[in-house]
2 protein chains.
Amino acid sequence: MDDPGNGGHAALVQLQAYLAQMDHAGETRLPAERELSESLGVSRGDLRKALAVLEKDGRIWRHVGRGTFVGSGPVEETIGISEIAGRTNPADVMRARLILEPEIAREAALHATLSDIAAMRQSLVQTREAVTWRQYENVDNLLHRQIAQASRNNVLLGLFDVLNAVRRTVVWGRLRSEGARPPADHHSFADHERIVEAIAERDLGGAAAAMRLHLQQVERRLIPVREAAE
Amino acid sequence: MDDPGNGGHAALVQLQAYLAQMDHAGETRLPAERELSESLGVSRGDLRKALAVLEKDGRIWRHVGRGTFVGSGPVEETIGISEIAGRTNPADVMRARLILEPEIAREAALHATLSDIAAMRQSLVQTREAVTWRQYENVDNLLHRQIAQASRNNVLLGLFDVLNAVRRTVVWGRLRSEGARPPADHHSFADHERIVEAIAERDLGGAAAAMRLHLQQVERRLIPVREAAE
DNA sequence: AGGGAAATCATATGCGGATTGGTTAAATTG
DNA sequence: CAATTTAACCAATCCGCATATGATTTCCCT
């Protein structure tokens with residue numbers, strides 16, 4: 001062979017050159033090992049040794065069936081809701097809501113458009129018109145999501161959606177007594193109105209505080225009798 | 001026909017009965033419309049009218065290619081990172097980090113175990129030992145995730161992972177100048193140490209404040225020259 | 001022995017057909 | 001003629017199988 005005993009060092013040099021050239025072109029996926037080994041004129045074993053070095057250094061990343069890519073790590077393309085929901089409990093979900101949603105309301109108070117506020121007010125009306133708990137929950141969900149949308153920050157909206165999906169998975173099956181309709185003096189009506197009004201008046205702190213108060217009320221009703229445990 | 005002019009009311013009644021029977025069996029997916037219409041002895045049009053009523057009421061949910069299901073809504077099983085990242089920008093990501101991560105640090109200060117803190121301190125050392133920016137970023141990522149893990153709240157950890165994946169997708173390609181190693185007086189070293197120390201001392205407010213300060217520094221460096229626009 | 005090439009394995013992707021809710025046009029019926 | 005049923009078609013999804021790819025083992029040649 002040409003360079004016996006080099007232990008594949010030549011392959012590493014060639015591969016780094018190839019990688020630099022490809023990185024410049026903006027391409028992220030490099031050819032299959034079988035092609036690349038022939039293209040670079042090295043054995044597949046040496047190529048794999050060089051790839052292993054670069055992988056340990058964090059410059060490339062490989063996965064069976066997909067290929068080899070340049071970049072620090074495999075960016076998770078999707079997040080499984082059930083994976084999160086499977087290892088948690090309603091209390092943790094509520095804690096996360098108390099952290100995230102008041103600040104989302106604050107952002108909404110800062111960035112909401114007039115049509116956003118109009119949509120929220122319409123949802124407020126629909127909330128009172130709901131004749132069954134199921135309808136009420138649908139409109140309630142919609143209202144909370146409208147607030148997240150009004151933040152005009154798609155990252156916050158995405159986080160809200162994730163949290164919402166986890167919540168609905170965790171508390172799945174906990175239905176209220178069917179048939180009954182939400183009482184007219186349900187705390188959420190006034191809570192929601194306070195939140196929307198604060199957003200409409202661009203009262204950042206007020207919106208956050210109102211949302212926090214509302215969620216604390218929900219928490220109190222959701223976990224009615226909780227001993228001092230934990 | 002049997003009951004002309006009933007407008008499909010008979011179909012609605014039959015469908016409700018079927019749904020109750022099926023709901024009792026624990027099954028969530030009901031047969032295809034073509035089968036169910038024949039099974040119930042009603043036309044597909046009337047069946048669809050009845051299904052539309054139940055859908056508007058929130059008792060069922062349907063989607064093309066999947067079927068019709070009982071339940072309030074389609075619980076998104078997975079969230080696409082690229083869907084979020086595609087419609088956002090680094091500033092929104094930074095805003096979300098500033099909202100979420102300080103509160104995560106606060107929770108970590110409350111719930112971190114001794115082994116959590118030991119792992120963080122080891123990461124602090126590794127941060128200073130990094131000889132290339134890529135290594136530094138890997139350890140930095142690890143440290144921030146360790147803090148999220150120390151919150152002992154899997155929902156917060158999941159939200160952090162989502163946010164992190166979005167961040168890495170959005171700022172993808174913005175690599176620092178290769179070759180250079182992080183300077184010894186990089187602000188992040190002291191920032192990180194303050195955060196970990198506050199967590200170790202169970203200083204809730206201090207941990208949150210230190211994290212907020214750190215992220216503001218990162219923001220200042222990430223968006224170096226930003227006019228007063230927006 | 002030792003290294004390289006080929007075979008083999010396990011996993012991921014791509015593609016075509018089948019399924020299903022949504023929509024429109026034709027047929028039937030009173 | 002009007003209303004309703006029926007059929008046909010559309011778009012999105014799922015499923016099975018072939019293919020592609022990285023990982024591992026085996027074999028062969030020097």
Side-chain angles (χ1 to χ4, degrees), chain A residues 1-12 14-15 18-19 22 27-56 58-71 73-78 80, chain B residues 1-12 14-15 18-19 22 27-71 73-78 80-83:
Chain A
M1 53 208 72
D2 300 343
D3 296 304
N6 57 11
H9 185 66
L12 179 59
Q14 285 205 49
L15 180 58
Y18 187 95
L19 209 148
M22 198 190 64
E27 196 59 29
T28 70
R29 173 173 177 169
L30 47 89
E33 291 182 356
R34 293 163 177 82
E35 300 177 16
L36 189 57
S37 66
E38 188 176 7
S39 171
L40 295 184
V42 301
S43 75
R44 194 179 163 206
D46 285 351
L47 175 62
R48 284 185 57 76
K49 288 176 187 170
L51 288 171
V53 172
L54 295 185
E55 183 182 34
K56 186 154 53 183
R59 304 204 22 182
I60 65 169
W61 156 79
R62 339 181 239 182
H63 204 311
V64 183
R66 307 221 314 184
T68 305
F69 305 84
V70 301
V75 175
E76 294 281 347
E77 190 56 36
T78 58
Chain B
M1 58 207 70
D2 299 344
D3 296 304
N6 57 12
H9 185 66
L12 180 59
Q14 285 205 50
L15 181 57
Y18 186 96
L19 208 148
M22 198 191 63
E27 195 60 30
T28 68
R29 172 172 176 169
L30 49 89
E33 290 182 357
R34 291 161 178 83
E35 300 177 18
L36 189 57
S37 65
E38 188 176 8
S39 171
L40 295 183
V42 301
S43 75
R44 194 183 163 201
D46 284 351
L47 174 62
R48 284 185 56 75
K49 288 176 187 169
L51 288 171
V53 171
L54 295 184
E55 183 182 34
K56 185 154 55 183
D57 195 40
R59 305 207 20 186
I60 66 170
W61 154 78
R62 354 180 225 179
H63 203 341
V64 183
R66 308 223 306 181
T68 305
F69 305 83
V70 303
V75 175
E76 295 279 348
E77 190 56 36
T78 60
I81 297 301
S82 57
E83 291 185 4

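Because the structure is a prediction, the values reported are computed rather than measured. Residue numbering restarts at 1 for every chain, and letters A, B, ... go by the order of the sequence lines.
Taking Arg44(A) as the reference, Glu33(A) meet the side chain to side chain donor-acceptor pair (under 3.5 Å) condition, with sequence neighbours excluded. Among residues two or more places apart in sequence or in another chain, the salt bridge (Lys or Arg N to Asp or Glu O under 4.0 Å) test is passed with Glu27(B) by none. Every residue two or more places apart in sequence or in another chain was checked for a ring-ring contact (aromatic ring centres under 6.0 Å, His included) with Tyr18(B), and none qualifies. In this view, Glu38(B) satisfies the side chain to side chain donor-acceptor pair (under 3.5 Å) rule with no residue, not counting sequence neighbours. Residues that satisfy the side chain to side chain donor-acceptor pair (under 3.5 Å) test with Glu83(B), not counting sequence neighbours, are absent from this structure. For Ser82(B), the side chain to side chain donor-acceptor pair (under 3.5 Å) partners at least two apart in sequence or on another chain are Glu77(A).
Side chain of Arg59(B) to main chain of Val53(B): no donor-acceptor pair is present (N/O by atom type, distance under 3.5 Å, no hydrogens or angles).
In this structure, CG of Leu36(A) is placed 14 Å from P of dA5(C), rounded to the nearest angstrom. Nucleotide dT20(C) holds its P atom 10 Å from the CZ atom of Phe69(B), rounded to whole Å. One interatomic measurement links the two molecules: NZ of Lys49(B) to C1' of dG21(C), which rounds to 17 Å at whole-angstrom precision. Distance Leu47(A) CG to dG4(C) P: 12 Å, rounded to the nearest Å. Here dT20(C) presents its P atom at 14 Å from CD of Glu38(B), a figure rounded to the nearest Å.
For the helix from dA1(C)-dT30(D) to dG30(C)-dC1(D), the axis fitted to the five pairs at one end and the axis fitted to the five pairs at the other end meet at an angle of 30° (nearest 10 degrees).
Applying the ring-ring contact (aromatic ring centres under 6.0 Å, His included) test to pairs two or more places apart or on separate chains, none has a residue in residues 32-53 of chain B.
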Spell out protein contact along nucleotides 21-30 of chain D as letters: B when the base is contacted, S when just the sugar-phosphate is, - when no protein heavy atom is under 4.0 Å; keep the 5' to 3' order. BBBB------

